[in-house]
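Here's the structure, in structure tokens; my notes come after.
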Amino acid sequence: MTTLQPGSMLLGTTRPAELRAWYIKVLAPEFTGEGAIDLGGFLLAIDGREDVEVKNNEPGRAIINFHVEDFDAEQARLTAAGVEWISVADREKGKFGTFADPDGNYLQIIQWK
């Protein structure tokens with residue numbers, strides 16, 4: 001049996017234009033165009049939905065992880081883009097930085113040891 005490889009993710013929101021603009025500013029500043037945002041071959045689609053709340057009440061349920069080579073450089077770049085850090089921790093297996101999007105969904109950068 002072949003292992004499935006994720007290719008995209010859909011984020012549902014009550015304010016798709018605002019959330020899409022935030023993701024482009026923070027994660028893909030060189031991205032232009034419509035539709036899903038290309039994050040290095042992984043597509044992030046953002047769509048307006050009426051079956052979600054304005055804020056995610058369980059942000060730890062699903063976290064988007066980004067593996068990075070230089071944690072400090074990425075942390076500085078994201079901070080300059082306006083990210084507010086929820087936590088930054090140097091753990092046994094690596095360095096982890098957690099932040100949230102405007103809807104309260106968690107994202108992390110991780111530099112593995």
Side-chain angles (χ1 to χ4, degrees):
M1 181 186 310
T2 302
T3 301
L4 294 176
Q5 181 178 3
S8 65
M9 177 179 184
L10 171 67
L11 280 180
T13 181
T14 59
R15 46 194 181 170
E18 178 184 340
L19 194 61
R20 186 173 191 282
W22 184 88
Y23 272 93
I24 291 171
K25 175 185 173 189
V26 171
L27 299 179
E30 296 177 1
F31 179 81
T32 59
E34 300 298 319
I37 303 164
D38 189 342
L39 300 173
F42 183 81
L43 301 177
L44 178 62
I46 298 172
D47 193 25
R49 298 183 58 97
E50 295 179 6
D51 60 345
V52 297
E53 298 293 325
V54 173
K55 285 285 187 181
N56 182 349
N57 294 321
E58 294 182 313
R61 184 174 291 270
I63 300 173
I64 304 172
N65 292 322
F66 297 91
H67 301 174
V68 299
E69 297 293 322
D70 186 340
F71 185 95
D72 295 332
E74 278 303 316
Q75 181 183 21
R77 186 187 72 73
L78 292 168
T79 299
V83 163
E84 294 182 24
W85 296 95
I86 295 167
S87 69
V88 175
D90 196 355
R91 301 180 187 155
E92 182 180 335
K93 294 186 177 186
K95 197 166 185 179
F96 294 74
T98 306
F99 57 103
D101 71 17
D103 280 5
N105 301 302
Y106 284 178
L107 301 94
Q108 288 187 131
I109 58 170
I110 303 169
Q111 181 177 356
W112 298 105
K113 291 184 180 176

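As the structure is a prediction and not an experimental result, all values here were calculated from the model.
- Within 6.0 Å of CZ on Arg15 lie more than 12 heavy atoms contributed by other residues, nucleotides or ligands.
- When atom types are taken as modelled, the side chain of Gln111 and the backbone of Glu69 share a donor-acceptor pair closer than 3.5 angstrom.
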### Message
Using the rule given for side-chain contact (heavy atoms from CB on, under 4.5 Å), can you reason through Lys113 versus Asp90, listing the C-alpha separation, both sets of side-chain angles and the distance that settles it, and then say yes or no?
### Response
CA-CA 10 Å; Lys113 291 184 180 176; Asp90 196 355; 3.2 Å; yes

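- Taken together through direct or relayed side-chain contacts under 4.5 Å among Ile, Leu, Val, Met, Phe, Trp and Tyr, Phe66 and Val88 form part of one hydrophobic cluster.
- With contacts defined as side-chain heavy-atom distances shorter than 4.5 Å, the pair Lys95/Asp72 qualifies.
- By the rule that hydrophobic residues join a cluster once side-chain heavy atoms approach within less than 4.5 Å of another member, Leu43 and Leu11 end up as members of separate clusters.
- To the nearest 0.5 Å, atoms CD1 (Ile46) and CD (Glu18) are separated by 11.0 Å.
- In this structure, Asp101 contributes its side chain and Asp103 its backbone to a donor-acceptor pair below 3.5 Å.
- Grouping Ile, Leu, Val, Met, Phe, Trp and Tyr by side-chain contacts under 4.5 Å, direct or through others, puts Ile86 with Ile63, Tyr106.
- Residues Ile110 and Leu39 are members of separate hydrophobic clusters, defined by side-chain heavy-atom contacts under 4.5 angstrom among Ile, Leu, Val, Met, Phe, Trp and Tyr.
- Results of the side chain to side chain contact (heavy atoms under 4.5 Å, CB included) test with Val83 over Leu107, Leu27, Leu78 single out Leu78 as the only residue that passes.
- The two atoms that bring Ala100 and Trp22 nearest to each other are O-CZ2, 3.6 Å, heavy atoms only.
- Minimum interatomic distance between Gly104 and Pro59 (heavy atoms only, all atoms of both residues): O-CB, 2.9 Å.
- When the shell of 6.0 Å around NZ of Lys55 is examined, it contains more than 12 heavy atoms from other residues, nucleotides or ligands.
- What you find for Ala81 and Lys25 is that their closest heavy atoms are O-CE, 3.0 Å.
- When the options Asp47, Thr13, Thr14, Ile24 are evaluated for a side chain to side chain contact (heavy atoms under 4.5 Å, CB included) with Leu19, the one that passes is Thr13.
- Linking Ile, Leu, Val, Met, Phe, Trp and Tyr residues whenever their side-chain heavy atoms come within less than 4.5 Å places Val26 and Tyr23 in a single cluster.
- Here the CD-CG distance, from Glu58 to Asn105, works out to 11.5 Å after rounding to the nearest 0.5 Å.
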### Query
How far apart are the C-alpha atoms of Trp112 and Lys93, what are their side-chain angles, what is the distance that settles it, and do they pass the side-chain contact (heavy atoms from CB on, under 4.5 Å) test?
CA-CA 6 Å; Trp112 298 105; Lys93 294 186 177 186; 4.2 Å; yes

#### Entry: Check against side-chain contact (heavy atoms from CB on, under 4.5 Å), Arg20 and Phe31
CA-CA 11 Å; Arg20 186 173 191 282; Phe31 179 81; 3.4 Å; yes

